[in-house]
**Q** 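To start, I am sharing the structure in question, which I have written as structure tokens.
For clarity, every value in this text was computed on a predicted model and none was experimentally measured.
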Amino acid sequence: MKKSILLIAMGGVLAVTGAQAGEYVPYVGFDYVNRTLNVGDVYPDNYNIGNINAGVKFTDFGSFELFAERSMREKKSFSENTARGRLYSYGADFLLNGYNFSEGAILGSIGYGRVSTKLKYNGHKSKDTGNTLRLGLGGELNPTPDWGFRAMYRYSISDSDAFANSKEFSIGARYYFY
């Protein structure tokens, strides 16, 4: 149900902003994310994640973006056992242009995410869900008006039982609907 609501919201962002007034531009994007969790001994601590996003770029000061993520199944081996974990998350980020130049910008971000973890270990399954505050710094290059390439570093603070915080690096592309 939550995934359906997120997809509808992403579509809504694009539909509402499709009638551009020249001050804002809708976009869609895809990122590769590598996230390292500060976790206990059982959970895998490094995840490779696919991220899809949709947002609105306001030409003068920044962007508002909705995102959904899903990791690959990661393993952590012990002497005789193997733990398998997976992450799912969704949320929203507000990106501020710290410094604009002719073909890009330096970005700062703040956002909210909802992260779910699934773990299979020693015949047992566990799930956990938590809220995260996402803080980031990065940059975007725009070689053409339609395409942007972004790299971001984010630090997330979570109230999840599975992990307290995480560090992530993402790199990806955006397509702008001018």
**Q** Can a side-chain donor-acceptor contact be found between Tyr32 and Asn48 if the only test is distance below 3.5 angstrom?
**A**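 Yes, a side-chain donor-acceptor pair sits under 3.5 Å.
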
**Q** Please check if Val56 and Leu96 belong to a single hydrophobic cluster, counting links between Ile, Leu, Val, Met, Phe, Trp and Tyr side chain heavy atoms closer than 4.5 Å.
**A** yes

**Q** Hey, what do you get for CD (Glu140) to OG (Ser63), rounding to the nearest 0.5 Å?
**A** 7.0 Å

**Q** Looking only at the side chains, is there a donor atom on one of Glu103 and Asn142 sitting less than 3.5 Å from an acceptor on the other?
**A** no

**Q** With a 4.5 Å cut-off on side-chain heavy atoms, are Lys57 and Tyr176 touching?
**A**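 Heavy-atom side-chain distance check passes, below 4.5 Å.
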
**Q** Just verifying a value: how many Å separate Thr36 OG1 and Asn46 CG, rounded to the nearest 0.5 Å?
**A** 4.0 Å

**Q** May I ask you to test the Met152-Leu107 pair for a side-chain heavy-atom distance under 4.5 Å?
**A** yes

**Q** Does Asp93 pair with Arg134 as a salt bridge, N-O distance under 4.0 Å?
**A** yes

**Q** Is the closest side-chain heavy-atom distance between Tyr47 and Asn34 below 4.5 Å?
**A** no

**Q** Please determine whether residues Leu66 and Phe58 belong to a single hydrophobic cluster, defined as Ile, Leu, Val, Met, Phe, Trp and Tyr linked transitively by side-chain heavy-atom distances below 4.5 Å.
**A**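 Linked, Leu66 and Phe58 end up in one cluster.
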
**Q** Tell me, do Arg154 and Ser109 make a side-chain contact under 4.5 Å, heavy atoms counted?
**A**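 Touching, per the 4.5 Å side-chain cut-off.
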
**Q** Report the C-alpha distance between Tyr178 and Asp146 in whole Å, list the side-chain angles of each, state the deciding distance to 0.1 Å, and finish with yes or no for side chain to side chain contact (heavy atoms under 4.5 Å, CB included).
**A** CA-CA 7 Å; Tyr178 277 98; Asp146 295 337; 3.8 Å; yes

**Q** Show me the donor-acceptor pairs within less than 3.5 Å that the side chains of residues 159-172 make with the rest of the protein, sequence neighbours left out.
**A**
from, atom 1, to, atom 2, distance (Å)
Asp159, OD1, Asn131, N, 2.7
Asp159, OD2, Asn131, ND2, 3.4
Ser160, OG, Asp128, OD2, 2.2
Ser160, OG, Ala162, N, 3.0
Asn165, ND2, Tyr155, OH, 3.2
Glu168, OE1, Arg35, NE, 3.0
Glu168, OE1, Arg35, NH2, 2.6

**Q** Return each pair, listed once, that meets salt bridge (charged side-chain N to carboxylate O under 4.0 Å, His left out) where at least one residue sits in residues 81-92; pairs must be two or more places apart or across chains.
**A**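 Qualifying pairs, neighbours excluded: none.
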
**Q** Side chain to side chain contact (heavy atoms under 4.5 Å, CB included) for Glu65 and Leu95? Distances and angles first, verdict last.
**A** CA-CA 8 Å; Glu65 181 173 286; Leu95 293 100; 4.1 Å; yes

**Q** With the side chain counted from C-beta on, respond yes when Tyr90 and Val115 share a heavy-atom pair under 4.5 Å apart, and no when they do not.
**A**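 The answer is no, as the side chains (C-beta and beyond) never meet within the 4.5 Å cut-off.
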
**Q** If two hydrophobic side chains count as joined below 4.5 Å and joins carry through other members, does Val33 share a cluster with Leu37?
**A** yes

**Q** Would you compute the distance between atom OG of Ser116 and atom CG of Leu87 and round it to the nearest 0.5 angstrom?
**A** 9.0 Å

**Q** In Å and rounded to the nearest 0.5 Å, what is the CG to CD distance from Asp45 to Glu74?
**A**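 CD of Glu74 is found 9.5 Å from CG of Asp45.
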
**Q** Just verifying a value: how many Å separate Asp31 CG and Glu69 CD, rounded to the nearest 0.5 Å?
**A**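 The distance works out to 8.0 Å.
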
**Q** What are the two closest heavy atoms between Ala83 and Tyr121, and how far apart are they?
**A**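 Looks like CB-CD1, 3.7 Å.
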
**Q** Using the rule given for side chain to side chain contact (heavy atoms under 4.5 Å, CB included), can you reason through Tyr27 versus Asn53, listing the C-alpha separation, both sets of side-chain angles and the distance that settles it, and then say yes or no?
**A** CA-CA 8 Å; Tyr27 65 88; Asn53 50 67; 4.2 Å; yes

**Q** Should Arg174 and Arg150 count as side-chain neighbours, where that means a heavy-atom distance under 4.5 Å?
**A**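 Yes, side chains in contact.
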
**Q** Provide the full list of ring pair (Phe, Tyr, Trp, His ring centres under 6.0 Å) pairs with a residue in residues 123-153, sequence neighbours left out, each pair given once.
**A** Trp147-Tyr175

**Q** In the structure I gave you, are the side-chain heavy atoms of Thr132 and Arg114 within less than 4.5 Å of one another anywhere?
**A** no

**Q** Supply the members, apart from Tyr99, of the Ile/Leu/Val/Met/Phe/Trp/Tyr cluster built from side-chain contacts under 4.5 Å; use none for a lone residue.
**A**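 Result for Tyr99 is Phe101, Ile106, Leu141.
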
**Q** Can you list everything that forms a side-chain hydrogen bond (donor to acceptor under 3.5 Å, both in side chains) with Asn97? Sequence neighbours excluded, please.
**A**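 With sequence neighbours excluded, Asn97 shows a side-chain hydrogen bond (donor to acceptor under 3.5 Å, both in side chains) to Asn100, given in chain and number order.
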
**Q** Restricting to side-chain hydrogen bond (donor to acceptor under 3.5 Å, both in side chains), what partner residues turn up for Ser71, sequence neighbours left out?
**A**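 Expected list: none.
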
**Q** Grouping I, L, V, M, F, W and Y whenever their side-chain heavy atoms are under 4.5 Å apart, do Phe94 and Tyr112 come out in a common cluster?
**A** no

